[in-house]
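Read the numbers this way: they start at 1 and go in the same order the structure lists the ligands and their atoms. Both backbone and side-chain heavy atoms feed into the values below; hydrogens, waters and symmetry mates do not. For this chain, numbers begin at 1 and follow the sequence in order. Here the structure is a predicted model, which means the values were calculated and not measured.
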Amino acid sequence: MNSIPPLDLARQYRTIALEVEAAVLEVLSSGRYIGGSQVQAFECQFADYIGTTECVSCHSGTDALYLALRSLEIGPGDEVITTALSFFATAETISMVGATPVFVDIDAATFNCDVDRLEAAITPRTKAILPVHLFGQPVDMTRLMEVANAHRLAVVEDCAQAAGAEWNGKKVGSFGRIGCFSFFPTKNLGAFGDGGAITTDDREIADRIRVLKDHGATRRYYHEFQGTNSRLDALQAAILQVKLPYLDGWNARRRDLAARYRDLLAPIPHIVLPQDSTGGGHVWNQYTIRIESDRDRLYQQLQQSGIGCNIYYPFPLHLQPAYRDLGYAVGQLPIAERACQQVLSLPMFPELDVEEQYQVVRALKDCR
Ligand SMILES: Cc1ncc(COP(=O)(O)O)c(C=O)c1O
């Protein structure tokens with residue numbers, strides 16, 4: 001039996017190879033490798049897609065978060081409320097600007113931060129809320145924006161895993177002051193290297209980020225403040241322009257795969273299926289189930305049968321050694337902690353075929 005990878009980027013490349021190669025060759029022969037028309041064109045295309053007036057590209061999703069927080073002048077003494085379950089960069093960037101992350105527990109059904117717990121985490125030092133649309137599942141942005149607006153807090157959305165996801169028909173990345181995207185190759189819209197972007201309707205914020213990502217320079221060799229170097233390469237911008245028109249189709253395919261997983265896995269005991277609480281707005285960057293007991297043994301067995309699966313994430317953010325100093329205790333955010341012991345992400349990418357899905361499900365059944 002063939003092994004099945006958790007995702008297979010080369011398969012997707014083969015479906016668009018001619019277009020990508022033409023775009024890459026055009027950049028190579030243009031002699032313009034940094035900035036220029038490719039980057040500008042992608043920024044316009046992406047703002048249009050997300051439904052914001054501005055998009056500023058940058059080097060990565062991590063940089064997008066860092067630049068967003070810097071542009072809001074969040075720094076030492078400030079607190080930013082975020083979820084306890086995410087990739088480390090979500091919290092790390094809060095620390096990078098000198099602020100303190102305040103972690104809230106998750107909603108067991110969606111894996112996203114529990115919006116009903118946000119209010120209790122607000123203090124006079126809170127400056128922003130940083131929700132993460134984890135695994136492609138949009139956070140309840142109606143409720144979250146109500147809380148943020150009532151307390152005059154900025155919202156920075158971490159959309160790294162959720163390009164194209166929608167809440168009530170509106171794209172994530174267009175709700176908060178700033179949306180932050182990653183184009184890391186494994187994302188729903190992935191470059192062939194690193195890449196990131198911020199989206200916003202606030203021209204002033206966008207302009208500040210344009211300066212920040214260019215070493216704080218307001219004109220050539222004149223640095224108004226300390227910034228950084230964060231660029232999307234022209235090559236990546238050209239590739240992303242080719243890929244963006246395919247994104248909705250790829251996301252629709254992920255939804256079909258998720259629906260089939262749901263039908264096939266429902267009869268298997270001890271597996272808790274992920275919930276799509278948003279009526280179709282989920283874009284399934286990951287299909288993450290819960291194994292209620294002995295997840296690690298099942299994970300090993302699946303690996304041995306050639307089924308590529310992953311654990312996102314084995315540790316919640318508040319218990320990461322890097323955040324030891326914040327003083328969180330085991331048991332403090334129990335829903336996120338339990339999720340870390342139970343989650344298992346199955347193979348999920350638009351080119352996964354039906355037969356492979358059957359194989360994944362058979363392997364899961366055989367494990368029991
Ligand atoms: C939720 C989340 N935030 C931020 C990032 C950081 O993005 P990048 O890897 O492009 O820096 C990632 C990447 O994995 C992510 O999953």
Side-chain angles (χ1 to χ4, degrees), residues 6-7 9 42 46 55-70 80-97 101 103-104 106-107 110-113 128-139 141 144 155-165 172-173 175-176 178-199 209 213 228-233 236-237 239-240 243 254 274 282-288 310-318 320 322-323 336 339-340 343 345 348-349:
L7 90 168
L9 297 171
F42 173 69
F46 196 64
C55 166
V56 185
S57 60
C58 60
H59 172 73
S60 66
T62 304
D63 277 8
L65 288 164
Y66 169 77
L67 291 164
L69 295 168
R70 280 282 314 268
V80 177
I81 298 174
T82 193
T83 175
L85 187 68
S86 183
F87 179 60
F88 190 64
T90 303
E92 183 183 37
T93 46
I94 297 171
S95 307
M96 280 163 68
V97 300
F103 300 109
V104 292
I106 61 165
D107 167 28
T110 63
F111 299 114
N112 280 331
C113 68
I129 304 176
L130 203 167
V132 181
H133 306 292
L134 198 72
F135 306 147
Q137 164 92 297
V139 172
M141 290 308 289
L144 188 136
V155 171
V156 175
E157 295 175 72
D158 184 339
C159 310
Q161 301 184 6
V172 302
F175 286 89
I178 308 176
C180 298
F181 290 84
S182 163
F183 304 125
F184 186 75
T186 61
K187 305 306 186 204
N188 291 37
L189 179 64
F192 291 180
D194 275 308
I198 69 98
T199 51
I209 290 177
K213 65 170 248 187
T228 185
N229 164 25
S230 188
R231 299 185 279 241
L232 180 72
D233 291 346
Q236 301 303 343
I239 291 164
L240 287 166
K243 291 186 79 174
R254 287 175 186 269
H282 196 324
V283 291
W284 302 101
N285 180 248
Q286 298 297 334
Y287 189 87
T288 303
N310 281 307
I311 294 170
Y312 300 121
Y313 295 90
F315 306 102
L317 293 173
H318 65 289
Q320 289 288 352
Y323 285 122
C340 292
V343 286
S345 298
M348 171 53 86
F349 50 99

**OP:** Let me see the working for Asn285 and Asn188 under side chain to side chain donor-acceptor pair (under 3.5 Å), right down to the final yes or no.
**Re:** CA-CA 6 Å; Asn285 180 248; Asn188 291 37; 2.7 Å; yes

Original post:
Are Tyr66 and Thr228 close enough, and set up right, to give a side chain to side chain contact (heavy atoms under 4.5 Å, CB included), and what steps lead you there?
Top reply: CA-CA 10 Å; Tyr66 169 77; Thr228 185; 4.2 Å; yes

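For Phe183 and Phe42, the distance between ring centers is under 6.0 angstrom.
Taking Tyr323 as the reference, Phe88, Phe103 meet the ring pair (Phe, Tyr, Trp, His ring centres under 6.0 Å) condition, with sequence neighbours excluded.
Around atom CZ of Phe192, more than 12 heavy atoms belonging to other residues, nucleotides or ligands sit under 6.0 Å away.
Under 4.0 Å from any atom of ligand 1, one finds heavy atoms of residues Ser60, Gly61, Thr62, Leu65, Ser86, Phe87, Ala89, Thr90, Val132, Asp158, Ala160, Gln161, Ser182, Lys187.
Between Tyr312 and Phe135, the ring planes are tilted. Angles from 30° to 60° get that label.
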